[in-house]
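Report on one structure; see the data block that follows.
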Amino acid sequence: MAKMWAGRFTKEENTLVNDFNSSISFDKRLFEEDIKGSCAHVTMLGETNILPKEDVEKILTGLESILGDLKSGKLEINLEAEDIHMFVEEELTKRIGDAGKKLHTARSRNDQVALDMNLYVKKESSIIIDLLKDFITCLVDIADNNLNTIMPGFTHLQKAQPVTLAHYMCAYANMFLRDISKLKLLNSNLKMPLGSCALAGTTYPIDRNMVAKQLGFENIYNNSLDGVSDRDYVIEFASCISISMMHLSRLAEEIIIWTSNEYSYIELDDAYSTGSSIMPQKKNPDIAELVRGKTGRTFGNLMSLLTIMKGLPLAYNKDMQEDKEAIFDSVDTIKKCIPLFGDMLKTTKFNIEKLKKSAEFGYINATDVADYLTKKGVPFRDAYKISGKLVAICIEKKITLNELELEEYKKMSNLFEKDIYNAIDLTNCVEKRTSIGGPSNSSVKVQIKKIKQELNN
Ligand code: ARG
């Protein structure tokens, strides 16, 4: 196909070069952003009398019919076009004739693609925010139903202190809430680049703010060189996605551990697990494992984007075309992972008895033994030592701290009374942790309320 720039060239483009250079196979997904941007641009060209109103009308009608036909499937994207921008313009000219050739007045593909990418990030970040909200709702539902489900909390993957399943789920909910606030910030910081043109603005009397307003941007790029060559927002988006995937991956790791025979904290629904082709007894947490695995590719995409940009002098460089497959892949990946993970969680059975039992073994109330003495005036370090010795005795006797005779306690300190058993009862250990953010029923209720408030913001 003869190129748009054929005038300056004496030879046809080499086929391999054409394929190598072309981005249509992946940027075709930007058709809606591209056409929306063109509509705003041409409307402004009309309002500023840069183009006659009749041409503007024709172009708008043409663009709308192309959009309609692409959406309905009546029109297929011609993969011989170099990119989505060329395709739309060529199709427009096919449909409306010479007026179509005027669309690109006071514009370049450099600011056009920058606009498309900003619009893409705007759209997809909102979608991901909604997916995250639904996911947080799944976590909060589990929390609501498990305010009193005691389980061990861990550090170093060693049992540490008792918490509740509700407390645990709220921790994850808060991570994803942070992700939402980052995405919202990214979204509200997006700027409108059109009017930067190739790199140095234009001699036409354009109104960039008018275009921004039509497309829902609060601000426009302040500098045309920056406007065409900024991809920070793509990197930030990839970073937000990577952080969310990292959070999902951490939860995936918990799920994988919890389904193991040794833990048996949960059972995944059959519909959300897979079997083995050789070992009939197996029920594998493949979804969680794949989420954990796919997290790697989103990190890779982030690293690609950073690396693509690191050596680029101003302004546009073709390297930047490589931003697309990276960010598209991250977006596709997270959009698949979040809802599936949510559905898996909704159908997961938590083994409440097993969680409780697991909390009973492992001396996770040893801190509470120390705190008991501290509250009676023993300095914490001394109390800590006494508690440690009591744990050693229990390990030797193969019993829990709750089963150790009062006599044994008294041998270590005569401050111990019968109420020690009350103080180290696991439910009490949790319930006394009423500090803000803690695991007690009342603290977690406050946390849930705050999460729900933020979700409604
Ligand atoms: N396909 C190109 C990209 O994605 C569009 C911009 C092309 N600009 C240029 N001067 N060749 O970056």
Side-chain angles (χ1 to χ4, degrees), residues 1-9 11-38 40-41 63 70 77-92 101 103-124 190-202 211 221 223-235 237-238 301 304-332:
M1 199 201 278
K3 286 286 168 188
M4 210 73 132
W5 57 78
R8 189 229 178 276
F9 288 76
K11 279 189 190 170
E12 283 267 316
E13 195 175 49
N14 173 292
T15 326
L16 288 179
V17 172
N18 187 44
D19 289 349
F20 191 67
N21 204 31
S22 162
S23 54
I24 188 95
S25 63
F26 47 87
D27 68 17
K28 61 180 183 204
R29 73 160 78 187
L30 295 174
F31 73 85
E32 207 169 339
E33 285 77 15
D34 198 69
I35 294 176
K36 246 176 91 179
S38 286
H41 174 65
L63 286 173
L70 283 173
I77 292 177
N78 175 7
L79 296 179
E80 276 176 31
E82 185 183 310
D83 55 29
I84 189 64
H85 327 296
M86 294 283 210
F87 168 75
V88 172
E89 196 181 322
E90 282 159 9
E91 180 64 29
L92 180 69
K101 298 183 192 163
L103 168 64
H104 215 47
T105 310
R107 190 176 69 171
S108 149
R109 277 188 298 159
N110 297 351
D111 59 347
Q112 189 178 356
V113 73
L115 173 63
D116 291 3
M117 290 305 280
N118 269 286
L119 286 170
Y120 173 78
V121 172
K122 202 185 225 313
K123 177 176 84 183
E124 295 296 344
L190 290 169
K191 293 187 175 67
M192 207 294 295
L194 217 62
S196 301
C197 302
L199 73 163
T202 181
V211 177
Y221 278 88
N223 176 291
S224 61
L225 293 165
D226 185 39
V228 286
S229 63
D230 172 33
R231 292 295 181 273
D232 293 1
Y233 58 97
V234 180
I235 295 173
F237 192 27
N301 291 332
S304 296
L305 287 163
L306 286 165
T307 313
I308 289 162
M309 294 305 293
K310 77 177 261 292
L312 299 189
L314 290 177
Y316 178 83
N317 296 268
K318 192 68 176 230
D319 315 44
M320 287 156 68
Q321 178 167 289
E322 290 288 311
D323 64 350
K324 287 174 200 62
E325 284 161 295
I327 194 65
F328 293 168
D329 183 68
S330 285
V331 168
D332 293 345

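Whatever order the structure lists ligands and atoms in, that order sets their numbers, starting from 1. Just the heavy atoms: all of them, side chains too, but no hydrogens, waters or symmetry mates, feed the values below.
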(message) Less than 3.5 Å apart, any donor N or O on the side chain of T202 or R107 sitting next to an acceptor on the other?
(response) no
(request) Using the test side-chain contact (heavy atoms from CB on, under 4.5 Å), find all partners of D83 that sit at least two apart in sequence or belong to another chain. (result) S23, D27, H85, M86, R109
(request) Under the salt bridge (Lys or Arg N to Asp or Glu O under 4.0 Å) rule, collect the residues that match up with D230, sequence neighbours excluded. (result) none
(request) Would you please indicate if the ring centroids of F328 and Y120 are separated by under 6.0 Å? (result) yes
(message) Could you check whether D116 pairs with K324 (Lys NZ or Arg NE/NH1/NH2 to Asp/Glu carboxylate O, under 4.0 Å)?
(response) no
Output block, N or O contacts of ligand 1, threshold 3.5 Å exclusive:
unit_1   : atom_1 : unit_2 : atom_2 : d
ligand 1 : 1 (N)  : S23    : OG     : 3.0
ligand 1 : 1 (N)  : D83    : OD2    : 3.2
ligand 1 : 1 (N)  : Q321   : OE1    : 2.7
ligand 1 : 4 (O)  : K324   : NZ     : 2.6
ligand 1 : 8 (N)  : N110   : OD1    : 2.9
ligand 1 : 10 (N) : N110   : OD1    : 3.0
ligand 1 : 12 (O) : Y316   : OH     : 2.5

(request) Only counting residues at least two apart or in another chain, list the ones meeting salt bridge (Lys or Arg N to Asp or Glu O under 4.0 Å) with K310. (result) none
